[in-house]
Colleague: 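Encoded as structure tokens, here's the structure I'll be asking about.
Basis for what follows: all heavy atoms, side chains included, without hydrogens, waters or symmetry-related copies.
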Amino acid sequence: MITRAGWGLAAASALVYAVGAPFGYAQSAVLAVAGLAAVGAGALWTLRGAGLSVRREVTPVKVARGDPAVATLHVRNTGRWRHSGLVARDTCRGTSVTVEVPSLARDTARTVSYRLPTRRRGETPVGPLVLDRTDPFGLARRSIAYGRRDLLLVRPRTVTLGPLDAGRQRHLDGFASRSAPNGAISFNGLRDYVIGDDLRHIHWRSTARTGVLMVKELTDVNLPSTVAVLDTRHSSYEGDDEFELAVDVAASVACSVTRDRFPVRLLTGTGELLHAKGGPGESEEVLDRLAVVERSPDAEPPLHALRRAGSGGTLVVVSGTFAALADAASVRRRFDLVLYVRVGDPTEGGTPGAAGVNVIEVSDLDDLAGAWPN
């Protein structure tokens, strides 16, 4: 492809010939031919095979929003000629990152690293990598795509939260969990044996009758649970930054609960996003699920999600507006603790837990007037 400088030289050559030829100036023809020949030579220079081997590595492949992520290019000259004037362009979620590749002699390799943008959460395709090869005078350029696309997952930022001061579950049957047999005493049912189950909980009578190892599923009536509701309506947030902060808050709540090995349900305006029983590795699943959550004009109000939230334990509602505060107060009697987290500018209505975050402990509807911001 001819560059702007190449087209300019070609136009100037044509102009020189057009002005000088009618007056018999032979030099004008020579200059015009020389200029056009230079442009043609530049185009031919970029047409020959590049003879390059390019490989990209993205580290890490999962990163918290705002944390550094690095792409490393490994470029090797496999051709017979020295390569210079190479510029690499990588595309990362609509953002073009330009990287200059040093001159490469024959059968030599260079490694170049550059940072990737991680300001926005979500699945971020990186690539394809495009190498721009230009002639020594910058008159022509050829763009060649190399390699495959890599995927960078930008996840929410989280902070470590302390245990929520929730009461115990209200139902008599309690909460069933794979971790319950470690300290539970209430019988909830039978299930097939899974490798790793405590042999002391095998139900031998059922095993003898069915011929299949059966274990007792126990419950812990004192196991605290948490329900987190993330408002994903487009109208609840003034901009993308507020919604990103809301997702960070929801992720911090859910991850802190699962790290303490307690169950958590995560609801959005489109339904249940996750139901984690608590335990090692489940925090990673929480972050992966929340990494791809987006605002939607069709999302349901938090009240609809609260109707499916069950009862008992702690309820945390995260939104960018106080409009749903009454919804949270309407279900206050169903939970031991209800927290309403509003992201945005601090107000006098709540306790600032962090910059741009207001936390309100929701009371009954009768006491709502004291919590509503002026």
Colleague: Working to the nearest 0.5 angstrom, can you tell me the gap between Leu267 CG and Leu273 CG?
Modeller: 8.5 Å
Colleague: Take Asp197 and Arg191, measure what salt bridge (Lys or Arg N to Asp or Glu O under 4.0 Å) needs, and give me the verdict at the end.
Modeller: CA-CA 11 Å; Asp197 286 336; Arg191 60 174 174 82; 3.0 Å; yes
Colleague: Are Val338 and Leu303 connected into the same hydrophobic cluster when the rule is that any two of I, L, V, M, F, W, Y join if their side-chain heavy atoms are below 4.5 Å apart?
Modeller: no
Colleague: Going by atom type alone, with no hydrogens or angles, which donor-acceptor pairs under 3.5 Å involve a side-chain atom of residues 151-161 and a protein atom two or more places apart or on another chain?
Modeller:
from   : atom 1 : to     : atom 2 : distance (Å)
Arg155 : NH1    : Glu284 : OE1    : 2.9
Arg155 : NH1    : Asp288 : OD1    : 2.9
Arg155 : NH2    : Glu284 : OE1    : 3.0

Colleague: Taking the side chain as C-beta and beyond, is there a heavy-atom pair between Leu306 and Asp327 under 4.5 Å?
Modeller: yes
Colleague: As an exercise, state the distance from CG of Leu52 to CZ of Arg76, rounded to the nearest 0.5 Å.
Modeller: 11.5 Å
Colleague: Could you pull out all residues at least two apart from Arg205 that satisfy salt bridge (Lys or Arg N to Asp or Glu O under 4.0 Å)?
Modeller: none
Colleague: Would you sort out whether Arg56 and Asp150 count as a side-chain contact (heavy atoms from CB on, under 4.5 Å), showing the intermediate values?
Modeller: CA-CA 8 Å; Arg56 184 206 305 109; Asp150 292 309; 2.7 Å; yes
Colleague: Looking only at heavy atoms, what is the nearest atom pair of Ala276 and Glu282, with distance?
Modeller: CB-OE1, 3.1 Å
Colleague: Heavy atoms, side chains only, cut-off 4.5 Å: are Leu274 and Glu285 in contact?
Modeller: yes
Colleague: With a 6.0 Å cut-off (strictly less than), is the heavy-atom count around NE2 of His74, excluding the residue itself, greater than 12?
Modeller: yes
Colleague: Quick one: pull up OG1 in Thr226 and CZ in Phe335 and give me the separation to the nearest 0.5 Å.
Modeller: 10.0 Å
Colleague: Would Asp198 and Lys216 count as a salt bridge (Lys or Arg N to Asp or Glu O under 4.0 Å) if you check the C-alpha gap in whole Å, the side-chain angles of each, and the deciding distance to 0.1 Å?
Modeller: CA-CA 10 Å; Asp198 194 335; Lys216 292 180 284 187; over 6 Å; no
Colleague: Just checking Glu238: does its CD atom have more than 12 heavy atoms from other residues, nucleotides or ligands closer to it than 6.0 angstrom?
Modeller: no
Colleague: Check whether any side-chain N or O of Asp260 sits under 3.5 Å from a backbone N or O of Phe262 as a donor-acceptor pair, and report yes or no.
Modeller: no
Colleague: Do Tyr114 and Val101 share a hydrophobic cluster, counting only Ile, Leu, Val, Met, Phe, Trp and Tyr and linking them when any side-chain heavy atoms are less than 4.5 Å apart?
Modeller: yes
Colleague: Does atom CD of Glu123 have more than 12 heavy-atom neighbours, drawn from other residues, nucleotides or ligands, at distances under 6.0 Å?
Modeller: no
Colleague: Please report the shortest heavy-atom distance between Gly320 and Glu242, naming the atom on each side.
Modeller: O-OE1, 4.3 Å
Colleague: Would you sort out whether Val227 and Val264 count as a side-chain contact (heavy atoms from CB on, under 4.5 Å), showing the intermediate values?
Modeller: CA-CA 6 Å; Val227 176; Val264 61; over 6 Å; no
Colleague: List for me each residue that meets side chain to side chain contact (heavy atoms under 4.5 Å, CB included) alongside Ile202, sequence neighbours excluded, and say none if there are none.
Modeller: Leu199, Trp204, Thr207, Leu213, Val215
Colleague: Any side-chain to backbone donor/acceptor pair from Arg332 onto Val362? Under 3.5 Å, distance only.
Modeller: yes
Colleague: Just verifying a value: how many Å separate Leu339 CG and Leu337 CG, rounded to the nearest 0.5 Å?
Modeller: 4.5 Å
Colleague: Once the angle between the rings of Phe322 and Tyr340 is folded into 0 to 90°, is it parallel (under 30°), tilted (30 to 60°) or perpendicular (over 60°)?
Modeller: parallel
Colleague: Does the pair Val357 and Val249 meet the rule for a side-chain contact (heavy atoms from CB on, under 4.5 Å), with working shown?
Modeller: CA-CA 9 Å; Val357 176; Val249 172; 4.2 Å; yes
Colleague: Honestly curious: do Leu129 and Val97 fall in one hydrophobic cluster under the side-chain, below-4.5 Å linking rule?
Modeller: yes
Colleague: Given the rule that I, L, V, M, F, W and Y join up when any side-chain heavy atoms are under 4.5 Å apart, are Leu116 and Val112 in one cluster?
Modeller: yes
Colleague: Is it the case that the side chain of Thr258 and the backbone of Cys255 share a donor-acceptor pair, with hydrogens and angles ignored and the cut-off at 3.5 Å?
Modeller: yes
Colleague: Between Asp231 and Val318, is a side-chain contact (heavy atoms from CB on, under 4.5 Å) present by the stated rule, with each step listed?
Modeller: CA-CA 6 Å; Asp231 188 355; Val318 185; over 6 Å; no
Colleague: Please answer: with hydrophobic residues joined when any side-chain heavy atoms are less than 4.5 Å apart, are Leu266 and Leu287 in the same cluster?
Modeller: no
Colleague: Shortest non-hydrogen contact from Arg149 to Gly127?
Modeller: NE-O, 3.5 Å
Colleague: Starting at CG of Asp240, measure out to CG of Leu245 and round the result to the nearest 0.5 Å.
Modeller: 12.5 Å
Colleague: Is the shortest heavy-atom distance from the side chain of Thr78 to the side chain of Asp107 under 4.5 Å?
Modeller: no
Colleague: Taking the side chain as every heavy atom from C-beta outward, state whether Arg342 and Thr321 have any pair of such atoms under 4.5 Å apart.
Modeller: no
Colleague: Do Ser319 and Val341 make a side-chain contact, defined as non-hydrogen atoms from C-beta onward lying under 4.5 Å apart?
Modeller: no
Colleague: Are Thr268 and Thr270 close enough that a side-chain donor and a side-chain acceptor fall under 3.5 Å?
Modeller: yes
Colleague: Taking side-chain contact (heavy atoms from CB on, under 4.5 Å) as the criterion, tell me which of Val58, Thr124, Thr118 meets it with Val63.
Modeller: Thr118
Colleague: Would you mind reporting whether Arg265 and Ser225 have side-chain heavy atoms less than 4.5 Å apart?
Modeller: no
Colleague: Is there a side-chain contact between Arg233 and Ser235 (heavy atoms, below 4.5 Å)?
Modeller: yes
Colleague: Would the distance check show the side chain of Asp336 and the main-chain N or O of Gly313 forming a donor-acceptor pair, the cut-off being under 3.5 Å?
Modeller: yes
Colleague: In Å and rounded to the nearest 0.5 Å, what is the CZ to CD distance from Arg295 to Glu244?
Modeller: 9.0 Å
Colleague: Please check if the side chain of Arg121 supplies one atom and the backbone of Val293 the other of a donor-acceptor pair under 3.5 Å.
Modeller: yes
Colleague: Can you confirm whether the side chains of Asn77 and Thr108 place a donor and an acceptor under 3.5 Å from each other?
Modeller: no
Colleague: At their closest point, which heavy atom of Cys92 faces which heavy atom of Val126, and how far apart are they?
Modeller: SG-CG2, 4.1 Å
Colleague: Strictly by modelled atom types, are Ser296 and Thr232 linked by a side-chain donor-acceptor pair under 3.5 Å?
Modeller: no
